[in-house]
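For reference, the structure discussed in these notes is given below.
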Protein chains: 2
Amino acid sequence: MTVQNGAAAPEGGKARRIYLLLRDEILGGTHAPGEALPGELRLAESHGVSRVTIRRALDALVGDGLVERRAGSGTVVRQPSSTPVQLKADFATLMPQLERMAAETTARLLSFAYVSPPQQVGKALNLGPDEKVQRAVRLRRAHDKAFSHLTTYVPERIAESYSEADLASTPLFRLLERKGVRVDHARQTVSAVLATPETAEPLETTVGAALISLTRVVYDASGDGIEYLYALYRPDRFQLEMLLNRVGGNDDRHWAPVLSETTQ
Amino acid sequence: MTVQNGAAAPEGGKARRIYLLLRDEILGGTHAPGEALPGELRLAESHGVSRVTIRRALDALVGDGLVERRAGSGTVVRQPSSTPVQLKADFATLMPQLERMAAETTARLLSFAYVSPPQQVGKALNLGPDEKVQRAVRLRRAHDKAFSHLTTYVPERIAESYSEADLASTPLFRLLERKGVRVDHARQTVSAVLATPETAEPLETTVGAALISLTRVVYDASGDGIEYLYALYRPDRFQLEMLLNRVGGNDDRHWAPVLSETTQ
DNA sequence: GCTTCCTGTATCTTTTAAAATACAAATTTC
DNA sequence: GAAATTTGTATTTTAAAAGATACAGGAAGC
């Protein structure tokens with residue numbers, strides 16, 4: 001990553017790079033709705049490319065409905081008429097959020113199979129070398145817009161207590177507790193990844209777009225891994241949010257998450 | 001984003017796209033260290049490009065020191081010798097973590113100025129139309145490797161109580177409390193963005209790489225905004241982690257974050 | 001030792017992207 | 001209404017990326 005002595009990273013289409021950057025900035029709020037972007041000539045100069053290239057990037061943004069151009073006037077960020085509702089999940093109390101959310105959202109099962117676990121999954125769940133896992137890939141939509149791509153791995157011995165049909169209708173969580181698994185604690189990690197051809201397509205986005213990734217490993221009371229979740233979220237349609245309070249006395253002031261109801 | 005009626009997004013350099021994807025997968029653990037990648041021919045087929053293009057992408061990975069190639073044998077993911085230490089921060093108790101971390105890390109001030117706030121910042125801090133803010137951009141390194149890029153906005157009336165030199169030596173947080181600001185609560189949001197030319201360079205990464213973004217707004221007891229933080233993290237050098245416990249009785253079982261010491 | 005599967009290397013062609021440039025037309029500003 | 005600024009459009013040229021193809025050479029399995 002740091003070492004750049006060998007071959008340099010391929011530059012890649014400049015128009016596309018600028019398209020992705022501008023899109024990111026617009027969705028991220030750097031360019032607020034209603035605000036005019038810098039002129040094409042200015043953009044060309046600041047990005048070190050020709051105006052034609054800037055134009056190609058802007059064409060794509062117009063195609064996405066993110067900006068409007070007016071000859072002679074400028075290019076303006078559109079009001080996000082189509083996505084006024086952005087889903088938010090609270091970090092601190094994640095599950096209840098998700099369960100409540102499940103009412104408004106639909107989940108589609110994209111794939112379902114028993115496979116040998118990827119190395120990292122086997123390690124996290126502490127599986128034997130020949131133990132198999134059930135892998136399920138689901139796509140969640142809200143208001144007919146895909147916002148998350150979930151891949152779950154469950155050890156075969158636990159997974160065999162429910163069917164594919166159960167999974168399609170009931171949250172995995174409920175199924176496990178019904179079976180008598182005593183869910184105890186979990187560890188989750190948040191990161192960022194690029195959309196691949198496999199994940200971009202169901203999420204209705206572009207290869208190379210930034211996605212939030214969340215990895216969660218759930219354990220039972222005895223410390224055995226129960227479930228490995230790898231979730232991808234479109235940052236423009238889903239946010240992970242959390243409230244913190246400053247607590248404690250003078251010597252030990254620190255932050256603690258607010259556990260009450262959802263923010264907002 | 002969804003609407004693809006207008007101009008399609010520019011395709012962009014395929015070699016670069018594949019380079020970024022493979023890099024992402026390697027750093028994300030999909031291809032474990034020591035494991036052989038699929039052969040060039042296989043990769044070419046699965047990505048729908050020629051072998052030459054795959055080769056260009058792999059060349060760049062070799063240049064980054066992420067993979068090793070052996071003629072006749074294959075291409076293998078290298079053991080990450082250079083970055084064995086990955087920093088982790090706990091979400092639930094973020095600040096203590098950061099303060100402790102500050103001991104091992106260095107921070108460099110990249111820019112310091114009083115400016116008119118971006119629209120989103122002004123709104124979040126509930127500033128008047130002509131109120132200015134102090135903007136400071138800092139770069140954090142650990143073991144000589146940059147891992148985070150921080151931009152903070154503080155209303156002018158609060159910021160004027162400390163100098164640029166203070167900021168370089170003392171955490172912003174301490175400065176505020178010393179001044180008598182009663183830090184009360186905060187709201188933070190995690191997302192994912194692409195590295196821009198401006199952020200990629202100091203973070204020693206590539207334009208178009210995925211970065212974790214964290215936005216935090218800190219309020220005082222009366223609800224006034226004190227600080228707006230926009231942080232970018234390299235996902236390969238920094239992780240946001242959090243432990244959860246399953247708590248509550250039968251009727252109201254839910255998750256609660258573990259507040260004790262760091263995980264790991 | 002033979003076969004198979006892989007990477008290394010080289011050349012040539014085709015395709016695509018980017019740049020340079022010029023000018024028309026709409027809009028704002030003064 | 002003149003000037004300046006901005007987007008719209010078109011053409012030509014240049015540069016870069018991708019593809020197709022062929023063959024040499026190392027490594028592993030049988």
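Keep in mind that this is a model prediction, so the values were computed, not measured. A note on names: the letters A, B, ... follow the listed sequences, proteins ahead of strands, and every chain is numbered from 1.
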Residue [X], side-chain heavy atoms: nucleotide from [options] that is nearest:
X        : options                   : value
Arg56(B) : dT27(C), dA17(C), dG19(D) : dG19(D)
Arg51(A) : dG19(D), dT7(D), dT28(C)  : dT7(D)
Val52(B) : dT27(C), dA27(D), dG19(D) : dG19(D)
Arg69(A) : dT7(C), dG8(D), dT21(D)   : dG8(D)
Ala71(B) : dG8(D), dG19(D), dT7(C)   : dT7(C)

Return the value, rounded to whole Å, for the distance between atom [atom1] of [X] and atom [atom2] of [N].
X        : N       : atom1 : atom2 : result
Tyr19(B) : dA17(D) : OH    : P     : 15 Å
Arg55(A) : dT6(D)  : CZ    : P     : 14 Å
Lys14(A) : dA17(C) : NZ    : P     : 13 Å

Q | Contact under 4.0 Å: Thr75(A) side-chain N or O vs dT6(D) OP1/OP2 | A |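 No, no such contact exists.
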Q | Helix axis bend for the helix from dG1(C)-dC30(D) to dC30(C)-dG1(D) - C1'-based end axes, five pairs, 10° rounding | A |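 Overall, the helix from dG1(C)-dC30(D) to dC30(C)-dG1(D) bends by 50° from one end axis to the other.
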Q) Which of these, Gln134(A), Glu156(A), Lys132(A), sits in a side chain to side chain donor-acceptor pair (under 3.5 Å) with Tyr114(A)? A)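 Single side chain to side chain donor-acceptor pair (under 3.5 Å) partner of Tyr114(A) among Gln134(A), Glu156(A), Lys132(A): Gln134(A).
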Q) In residues 39-49 of chain A, which residues come under 4.0 Å of DNA chain C by heavy atom? A)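 Residues of residues 39-49 of chain A that come under 4.0 Å of DNA chain C are, in numerical order, Val49(A).
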(Q) Angle between ring planes, Phe238(B) versus Phe147(B), binned at 30° and 60°: parallel, tilted or perpendicular? (A)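 Correct class here is parallel.
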Q) With the threshold set at 4.0 Å, does a side-chain nitrogen-carboxylate oxygen contact exist between Lys145(A) and Glu204(A)? A)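 Looking at Lys145(A) and Glu204(A), the cut-off is not met.
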(Q) Tell me whether Leu41(B) at atom CG has more than 12 heavy atoms from other residues, nucleotides or ligands lying less than 6.0 Å away. (A)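 For Leu41(B), atom CG is not crowded (no more than 12 foreign heavy atoms under 6.0 Å).
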